[in-house]
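What follows is a short report on a single structure.
Side chains are part of it too, since the values below use all heavy atoms of this structure and drop only hydrogens, waters and symmetry mates. In what follows, chains are A, B, ... by sequence order, proteins preceding strands, each numbered from 1.
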4 protein chains.
Amino acid sequence: MKKTTKGADSKNKILEAAIDLFAEKGYRGTKISDIVKAAGLTQAAFYLYFSSKESIFQEILERFYMRLEEHLQAAVMPSAIEPGEFSMRIRRNIESILTIFQEHPKATRIFLTEERSIDEVEILIHQTIASNLKQHQSTGLIRNDLSPHMMANGMIGLFIQVTLKELLEKQRSPKDVANEITEVLLYGLAQYRPEGTGR
Amino acid sequence: MKKTTKGADSKNKILEAAIDLFAEKGYRGTKISDIVKAAGLTQAAFYLYFSSKESIFQEILERFYMRLEEHLQAAVMPSAIEPGEFSMRIRRNIESILTIFQEHPKATRIFLTEERSIDEVEILIHQTIASNLKQHQSTGLIRNDLSPHMMANGMIGLFIQVTLKELLEKQRSPKDVANEITEVLLYGLAQYRPEGTGR
Amino acid sequence: MKKTTKGADSKNKILEAAIDLFAEKGYRGTKISDIVKAAGLTQAAFYLYFSSKESIFQEILERFYMRLEEHLQAAVMPSAIEPGEFSMRIRRNIESILTIFQEHPKATRIFLTEERSIDEVEILIHQTIASNLKQHQSTGLIRNDLSPHMMANGMIGLFIQVTLKELLEKQRSPKDVANEITEVLLYGLAQYRPEGTGR
Amino acid sequence: MKKTTKGADSKNKILEAAIDLFAEKGYRGTKISDIVKAAGLTQAAFYLYFSSKESIFQEILERFYMRLEEHLQAAVMPSAIEPGEFSMRIRRNIESILTIFQEHPKATRIFLTEERSIDEVEILIHQTIASNLKQHQSTGLIRNDLSPHMMANGMIGLFIQVTLKELLEKQRSPKDVANEITEVLLYGLAQYRPEGTGR
DNA sequence: CATGAATGAGACTTCATTCAT
DNA sequence: CATGAATGAAGTCTCATTCAT
């Protein structure tokens, strides 16, 4: 074992234990004593690597965001896009995100579940989605009889729930889940669409 | 004023204070001392009416469920239903639920937000919705290329998020919100539906 | 025992225990657990009456300052004063302060010893003394070949030390100590004064 | 550079850092981790040179005492002394001590401020001064209507305070400060001395 | 019916000190 | 000679809960 490895090892052990516990019991339900116990260390060791309970929580989220952002670059939707490609791109973007989620299921659960985390980022995500929808309302790909904000909220809610239940709990493949999410989001549950009215 | 009024009054004061605080700060973030302070009583009084913090929380939820159930009787969807009526019935059912939610915004927030609460009931709701969907897959009203469970989860997530943001936060009318939810759920976000494939 | 007495009793017990311990071991050397042990209570009880360790410390000092101020009204020295009366007034003022000190020996020790306490007040006292001296330099009662600030500092230091050692430790009477302090302060240690030079 | 230089260097760095910090924040307010950080070393290195926090503190004081003692040899007052010379000798002795203090302001502050330090030595100093005063009460140079112990305490207090404020804080010259201390100590604050009584 | 007073158990955090390398 | 890593013991503060009145 290299010299420089040991400290980082311990820090990682603590981080992983913390991720597990935050995911399972939430921030408040998780005690530092539990974390270090799971990591095989003492309480004092915790403060060698993190300045507080809050700070390890933030570090976990930041690491998660970083990974997320890397993959989110690809998710940018060009403004000029053909109808035929549209659904495919969405499908791919969703799949790409779900793949990261699947690789970090615990962190994902924290991210999607813990109020302390989402609130800040959620607004950003919401705005991004809403303006995207608004744009494609003008390109004619998205129906324009509904409010973009409401649609964005609907998307987010649907996406969160399906991620938690289908991807993380049932452990279905990102591809499958992405397909179904895309289908439902774009075309809804109904077999047939009423003609004419309102679109 | 009846003899028994005073005690019931105090109990109600405590209950209402607790609903406010649980909604605002969550279960763990709410202290008994905060509740009784808001209710104008002492901590000891709390234990005259409730055996523990957990028990008042459950009582709040149960009261909420009761009100919910009364209105949910109407929401049962008959198995034979005409396509034209289908969307309207859903719309009405959703509106009826949102109306109760709107009348009890704090309790609704607790119910939809607090993990401790949903988990038990969520399964029940999920099953109800899923079997409903499954049934209408066979009547041909619901598309059958998607898993009922997944659709149910999507519905629930979308519904929760839109309720929280549009109904409770933006205070939009149950009718409007119900309309939009129904539209999105049934027909999706896309302006046009691809022909043929898979449905 | 009256109903309203018990709480105040406990608070006082804690206060007195704290005064004893702060005087003996200093602020940092005193643990809350020691204080409540001495008061016959548990740690949690401490926080019924004080919001923190720092706050009980401040409360002790404030109570002490209040008593001090009451008696310090009398200590104001009129500007026009006869030489014969001068030393007597100083003597009386010092005696009056020493009497309060004697009545609250523990609090006095905290006040005079603990850095956290004096620093704020010391500046005020210093200014008061210095301007008093300056004034009497012009009335001719105080020698004017020395800096008022330096004399003020000397007075304060002498006063503190003699209070601690002679009044509090040796338990000499305020009257005796006041006499000696006044004598030394005004006329110094030397038997004879050199004629002429420098005054 | 000698072989033994490196270790001694580190030890000195630690010592100096410790002196700075003890002077600034006091014994209890200073952490080993602060000391070694300021010295550019690790905590473990501290224990190569000192067995405990207490021990470095004592070592600092002892070094200070040693320097003090060297210069204090000169301060011994011969028993037979002429009145004219008396004040000058005191002046010189005080100046000589203040000069050492000025050369080691941090250590001086620790010595004069920290309770843990003074108590042991103070008694010695007190005794020396008191017996000196007693002696000169019999030679007639010191007034004999006051207790030598009380006078000694007064001297010490005055001396400490003036050293801290005038010498160390205002950075006045040892000579000036020594002059003023001597003047005040010997002849007091009053412009005129009352005739006759008691001396 | 209600309160004032108190507590047990535990949470987070700090710091001097040690040990293998 | 020096370090990185770890720890034991303690300290401050919080909170749900109890009990005598």
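Taking atom NZ on A:K13 and atom P on F:dA6, their separation rounds to 7 Å, with Å as the unit. Taking atom OH of residue B:Y27 and atom P of nucleotide F:dA16, one finds them 8 Å apart after rounding to whole Å. Distance B:K11 NZ to E:dA2 P: 13 Å, rounded to the nearest Å. Rounded to an integer number of Å, the gap from A:D9 CG to E:dT21 P is 15 Å. Between the P atom of F:dA5 and the CG atom of A:N12 lies a distance of 12 Å, rounded to the nearest Å.
Of the charged side-chain nitrogens involved, none lies within less than 4.0 Å of a carboxylate oxygen, so that B:E62 and B:R67 do not count as a salt-bridged pair. Between C:E114 and C:R28 there is no salt bridge, since no side-chain N of the basic residue sits under 4.0 Å from a carboxylate O of the acidic one. At a threshold of 4.0 Å, the pair D:R109-D:E169 counts as salt-bridged, since one of the basic side-chain nitrogens sits closer than that to a carboxylate oxygen.
With pairs defined as Watson-Crick or G-U wobble and both atom distances under 3.5 Å, the stems of at least three pairs that touch DNA chain E come out as E:2-21 with F:2-21.
Under a 3.5 Å cut-off, the side chain of B:K53 and the backbone N or O of B:T30 do form a donor-acceptor pair. The main-chain N or O of D:I110 is never found under 3.5 Å from a side-chain atom of D:T113 such that the two would form a donor-acceptor pair.
When heavy atoms are screened at a 4.0 angstrom cut-off, C:Y49 is found touching the sugar-phosphate backbone but no base atom.
B:F22 does not carry B:K106 over the face of its six-membered ring by the limits of under 6.0 Å from the centre and within 45° of the normal.
C:E115 and C:Y27 form no side-chain donor-acceptor contact under 3.5 Å, judged by distance and modelled atom types alone.
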Sugar-phosphate atoms are those with a prime plus P, OP1 and OP2; base atoms are the rest. Using that split, label each nucleotide of nucleotides 7-13 of chain F B, S or - for protein heavy atoms under 4.0 Å, 5' to 3'. BB--SBB
